[in-house]
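These notes concern the structure reproduced below.
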Amino acid sequence: MLILAIETSCDETAVALVENGTKIVSSVLSSSQDLHKKTGGVIPEQAAREQIKCMIPVLDEALKVAFSNRTLSETVSQIDALAVTYGPGLIGSLLIGIETAKTLSYLWQKPLIPVNHLIAHLYANWLENNKVNYIKPNTDVFPALCLVVSGGHTDLVLMKNHGQLSYLGGTRDDAAGEAFDKTARLLGLAGFMGGPAIAAAAEKYRQQSEKNLPKITLPRPMINSEDFDFSFSGLKTAVVNEVKKLQQTNDFNTQTINALSYEIQEAITDVFEKKIFKALNVFKPKAFLVAGGVSANLVLREKLKNVCAKTKVQFFVPPIRLCNDNAAYIGSYAFFNYHPAPLLKISANPTLEII
Ligand code: KG4
Ligand code: ZN
């Protein structure tokens, strides 16, 4: 089954063609990140205006990559269904994808599957990628412990099967990605995404760690709490205080910024390491799946891989290029959760939760 998937929940305009939920036939993405770098964050109105401009060219390109020399009617005859993200996300951005998908569904007379972006992130683990570490057809992964760590969400769920999720915990305030983004801004590392900037600065500190560099200690919020919830806003406050102290003594410089970055990354990833280790012991899943933008973090990947090895649970993490938002995993989700809905029943839900 070939599904054409559309994703426009934040700053990106993405279209992919995915076969049987596992094979990416084409995947095209345009992002307005460069515009948002100037403002240090996404301005919703600006993102949506860019998406209006990009939607048709991106769709056109994805179809061209998949069906190079075919006519439009030959192309359409190959597509079995459409899928689109309906939430969570920015309302103006979501609407562009949804209205495009509905129009194509009506014109081409193809079923349309509405997709929850958060659950869909996890399906990046079912996509074939360089033939390594993906969930091969017929691999038994259920029940699977699943962690979604993105810019706006941190959710831990138990997936008993496709479509059967129970909620175990999540962030009580800032998401992990938000913590990376906000602390990066406090350190003056802002660009658009804070995570990669913190990771790069932390790596510089690590490489020079034998040189007696400054050591800064930050809290690991809720690391020992009984539940499976998370909290990262206290970490941000601790960074504000450290920055103030360093500024007062004229010690806020590249070295201390790198030291703080290292400690921010350690603090966030230590919390996940400890809580996931506990969850693996409590729920005894067959597999552990992680996904979302923050799962691109190399230190986090390594720590989660190690706790899975210790507990002998299969570990799945998407290749880095599939961690951030794209339409390929939207198509995969739609195949494994094939529930087309009538067009009039599909509408944007900016505050949609994971379940
Ligand atoms: O899933 P995603 O692409 O978009 C949302 O749906 O939110 O996640 C974006 C988030 C941002 O907060 C970004 O800073 C974070 O993922 N991120 C990282 C890394 N790459 C992206 N965080 C830590 N380390 C990284 N290497
Ligand atoms: Zn996302």
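We number each residue from 1, following the sequence as shown.
- Shown here for Val294 and Ser150, the closest heavy-atom pair between the two residues is CG2-O, 4.1 Å.
- In terms of heavy atoms, Ser9 sits closest to Thr85 at CB-CG2, 4.0 Å.
- Although no hydrogens or angles enter the test, the distance criterion places no donor-acceptor pair under 3.5 Å between the side chain of Arg301 and the main chain of Val317.
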Please assess Val148 against Thr154 for the test side-chain contact (heavy atoms from CB on, under 4.5 Å), listing each intermediate value before the final yes or no.
CA-CA 6 Å; Val148 179; Thr154 300; over 6 Å; no
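- Between Thr269 atom OG1 and Ile264 atom CD1 the span is 11.5 Å, to the nearest 0.5 Å.
- Atom CG of Asp181 is separated from atom OG1 of Thr183 by 8.0 Å, given to the nearest 0.5 angstrom.
- You'll find the ring centres of Phe180 and Phe232 outside the 6.0 Å limit.
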Asn116/Glu353 under side-chain contact (heavy atoms from CB on, under 4.5 Å): CA gap, chis, key distance, verdict:
CA-CA 8 Å; Asn116 178 323; Glu353 301 280 349; over 6 Å; no
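- When only modelled atom types and interatomic distance are considered, Gln51 and Thr8 share no side-chain donor-acceptor pair under 3.5 Å.
- The distance from atom CG of Leu186 to atom CD of Glu242, rounded to the nearest 0.5 Å, is 12.0 Å.
- In this structure, a donor-acceptor pair under 3.5 Å is absent between the side chains of Asn20 and Thr22.
- At least one side-chain heavy atom of Val243 sits under 4.5 Å from a side-chain heavy atom of Leu260.
- Thr139 contributes no side-chain N or O that, together with a main-chain N or O of Ile135, makes up a donor-acceptor pair within less than 3.5 Å.
- Taking CG of Leu322 as the start and CD1 of Ile320 as the end, the distance is 10.5 Å to the nearest 0.5 Å.
- Heavy-atom neighbours of Lys305 NZ from other residues, nucleotides or ligands within 6.0 Å: at or below the threshold of 12.
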May I have the step-by-step check of side-chain contact (heavy atoms from CB on, under 4.5 Å) for Lys110 and Leu104, ending in yes or no?
CA-CA 8 Å; Lys110 308 277 177 190; Leu104 294 176; over 6 Å; no
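- Among all heavy-atom pairs drawn from Leu352 and Gly87, the shortest one is CD2-O, 3.4 Å.
- Annotation: Trp126 is in aromatic contact with Phe336 [ring centroid separation under 6.0 Å].
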Apply side-chain contact (heavy atoms from CB on, under 4.5 Å) to residues Lys274 and Asn224 and explain how you reach the verdict.
CA-CA 8 Å; Lys274 180 113 191 238; Asn224 291 316; 2.6 Å; yes
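- With a 6.0 Å cutoff to the six-membered ring centre and a 45° limit on the axis angle, Lys303 does not count as a cation-pi contact of Phe272.
- A distance-only check finds no donor-acceptor pair linking the side chain of Lys102 to the backbone of Ser347 [under 3.5 Å].
- Closest of all the heavy-atom pairs between Thr100 and Ile6 is CG2-CD1, 4.1 Å.
- The neighbour count for Glu74 CD, taken as heavy atoms of other residues, nucleotides or ligands under 6.0 Å away, is above 12.
- Annotation: Lys136, atom NZ; neighbour count of heavy atoms from other residues, nucleotides and ligands within 6.0 Å is above 12.
- Between the side chains of Asp174 and Ser233, no donor N or O sits under 3.5 Å from an acceptor N or O.
- A donor and an acceptor atom, one from each side chain of Glu50 and Gln46, are nowhere located under 3.5 Å apart.
- Arg70 contributes no side-chain N or O that, together with a main-chain N or O of Ser68, makes up a donor-acceptor pair within less than 3.5 Å.
- Residue Lys215 places its NZ atom among more than 12 non-hydrogen atoms of other residues, nucleotides or ligands, all under 6.0 Å distant.
- Two rings, from His162 and Phe142, have their centers less than 6.0 Å apart.
- A side-chain N or O of Gln265 and one of Asn297 form a donor-acceptor pair less than 3.5 Å apart.
- Annotation: Leu107, atom CG; neighbour count of heavy atoms from other residues, nucleotides and ligands within 6.0 Å is above 12.
- Contact detail for Trp108 and Ile79: the closest heavy-atom pair is CZ3-CD1, 3.9 Å.
- Residues Met1 and Phe335 meet the side-chain proximity criterion, which asks for heavy atoms closer than 4.5 Å.
- The two residues Asp229 and Lys275 come nearest to each other via the heavy atoms O-NZ, 2.7 Å.
- With values rounded to the nearest 0.5 angstrom, Leu187 atom CG is found 5.5 Å from Phe252 atom CZ.
- Side-chain atoms of Asp251 and Thr256 form no donor-acceptor pair, as typed in the model, at a separation below 3.5 Å.
- Proximity of His117 to Asp325: side-chain heavy atoms (C-beta onward) are separated by under 4.5 Å at one or more points.
- Taking CG of Leu72 as the reference point, atom CZ of Phe67 lies at 10.5 Å (rounded to 0.5 Å).
- No close placement of the Tyr123 and Tyr329 rings is indicated, their centers lying 6.0 Å or farther apart.
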